[in-house]
Structure formats: C-alpha cells, structure tokens
Amino acid sequence: MSQAFSPGEKERIRLGRENCACIALRRATRSVTRRYDEILDPCGLRATQLVILLELAYHGSATLSRLADLLVMEKSTLSRNLKPLEARGLLAFKVGEGRHKLVRLTDAGVDKLRQAIPLWIEAQNEARARADDADWDTVLDTLDALARG
C-alpha cells in the first residue's frame, strides 16, 4: 500500500502548513526561546525558568494549581520544571491553608531574578526590535488572546 499523497492532497497540506497558527506559533516560540536562553545564559537561567520566577515575584507565593493556571501549564509539567529551581535553592515549598502546597521565591531566588532582569530586558528589546513598534502591542494582544483560549 502506497503512502504517497495525491497532488491535490499535497496542495491542501501545503496551504494548511502556510496558514496554520499552531505551526507558526511553535516555530516562533522555539526561535524566541532559543534567543532568550542565549541572552540569559550568563545568569544561569533558561527562559522557561525565568517566567516561573517572574510569576512568583509578581504574585508572591502560589499554590501549584494557581501557578500552573498563571503559566497555562499542566501541573505535572510545572512540577518537573520546579524541581531544578528548588534544587538550586531559588524557590521553596511550604504547606499552606488546607494542606495546599505553596511555592515561593527564596532570598537566593530574588537575587537570581535581580541578576536576570537586565538580561531579560535586553532579550525583550531585541524581540521588540524585530517588529515595528506599532505592531508590537498587536502581537502581544493577539498572543494574550490565544493564550486565554
């Protein structure tokens, strides 16, 4: 049995690939994340770790469920991403009200975030320079709308 696609099917695939939000977003995400990782490298954080620290700095302590919601992440994925940060002493867990686990930044986490913020701003400025200023707000608004579902 042949797995080849007909010319008509290949054309539909081509058009679908060119207009697929998921493909475009995944490409952009990989590219932007790679560049943020390069810029953040001197402080020893990856972009995925930085966003966790930023959310905790902004919101204070949070339950795993709340933090997962804020990051639009599965709890199991978040738990895996928190382990290296905890091992490095950048965040800590405590039992909160109703035996919910709370996660918070440690003093070392605050210090690390202070190191990272100038690099993060550099990465932000570089990303923004890739788009016209007029387009930047539209890009962020569109991404936010897509993230909210």
Side-chain angles (χ1 to χ4, degrees), residues 5 10 12-149:
F5 291 98
K10 286 191 96 156
R12 282 193 297 280
I13 290 168
R14 183 189 69 76
L15 290 172
R17 286 179 62 242
E18 289 175 1
N19 296 294
C20 180
C22 185
I23 290 172
L25 285 168
R26 291 182 62 82
R27 279 186 192 140
T29 298
R30 283 191 295 271
S31 176
V32 169
T33 300
R34 186 179 311 119
R35 187 61 188 134
Y36 272 62
D37 285 346
E38 290 168 359
I39 292 171
L40 290 167
D41 187 60
C43 75
L45 288 176
R46 298 181 57 82
T48 52
Q49 296 170 324
L50 176 71
V51 295
I52 292 169
L53 299 183
L54 288 168
E55 287 298 332
L56 289 173
Y58 184 76
H59 293 282
S61 62
T63 64
L64 290 178
S65 293
R66 173 75 173 131
L67 188 56
D69 288 345
L70 290 167
L71 295 166
V72 191
M73 255 183 168
E74 296 294 324
K75 271 178 59 175
S76 60
T77 302
L78 176 60
S79 292
R80 281 192 304 276
N81 288 335
L82 293 177
K83 286 178 184 176
L85 295 170
E86 181 186 24
R88 291 172 59 190
L90 302 179
L91 54 82
F93 293 93
K94 67 178 182 177
V95 177
E97 194 174 305
R99 300 184 50 91
H100 290 284
K101 244 185 181 177
L102 294 173
V103 61
R104 64 170 180 80
L105 287 179
T106 62
D107 290 343
V110 170
D111 290 344
K112 182 59 72 176
L113 192 52
R114 284 188 176 126
Q115 269 185 341
I117 285 174
L119 299 171
W120 174 49
I121 291 169
E122 178 185 340
Q124 289 282 92
N125 289 339
E126 186 177 301
R128 188 178 185 128
R130 293 167 101 174
D132 294 333
D133 280 342
D135 293 339
W136 188 249
D137 290 336
T138 302
V139 167
L140 293 180
D141 289 345
T142 301
L143 292 172
D144 188 51
L146 290 170
R148 283 192 315 267

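In this text, all values refer to a predicted model and were calculated from it rather than measured experimentally. Start at 1 with the first residue, then count along the sequence.
Closest of all the heavy-atom pairs between R104 and S61 is CB-CB, 3.8 Å. The shortest non-hydrogen separation linking A68 to L78 is N-CD2, 3.5 Å.
Residues passing the salt bridge (Lys or Arg N to Asp or Glu O under 4.0 Å) test with E122, sequence neighbours excluded: none.
With hydrogens and angles disregarded, no donor-acceptor distance shorter than 3.5 Å links the side chain of T63 to the backbone of K101. For T106 (side chain) and G89 (main-chain N/O), a donor-acceptor pair under 3.5 Å exists by modelled atom type.
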Contacts under 3.5 angstrom, residues 140-149 side chains, donor-acceptor by atom type, not counting sequence neighbours:
unit_1: T142; atom_1: OG1; unit_2: T138; atom_2: O; d: 2.8
unit_1: D144; atom_1: OD2; unit_2: R148; atom_2: NH1; d: 2.3

Name every donor-acceptor pair, under 3.5 Å, that has one atom in a side chain of residues 22-32 and the other anywhere in the protein, sequence neighbours excluded.
unit_1: T29; atom_1: OG1; unit_2: L25; atom_2: O; d: 2.7

(message) Go through it in stages, so that I can follow the logic: the residues are K83 and E86, the test is salt bridge (charged side-chain N to carboxylate O under 4.0 Å, His left out), and I'd like the CA-CA distance, side-chain angles, deciding distance and then a yes or no.
(response) CA-CA 5 Å; K83 286 178 184 176; E86 181 186 24; over 6 Å; no
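Here L56 contributes atom CG and L105 contributes atom CG; the two are 5.0 Å apart, rounded to the nearest 0.5 Å. For the atom pair CH2 of W120 and SG of C43, the computed distance is 12.5 Å after rounding to the nearest 0.5 Å. Atom OG1 of T48 and atom CG of D37 lie 6.5 Å apart (nearest 0.5 Å). One finds the CD atom of Q124 at 11.5 Å from the CD1 atom of I117 (value rounded to the nearest 0.5 Å). Between atom OG of residue S65 and atom NZ of residue K75 there is a gap of 3.5 Å, rounded to the nearest 0.5 Å. Between Q49 atom CD and L113 atom CG the span is 12.0 Å, to the nearest 0.5 Å.
With a 6.0 Å radius and a threshold of 12 heavy atoms from other residues, nucleotides or ligands, R14 has its CZ atom above the threshold. Surrounding CG of N125 are more than 12 heavy atoms belonging to other residues, nucleotides or ligands, all under 6.0 Å away.
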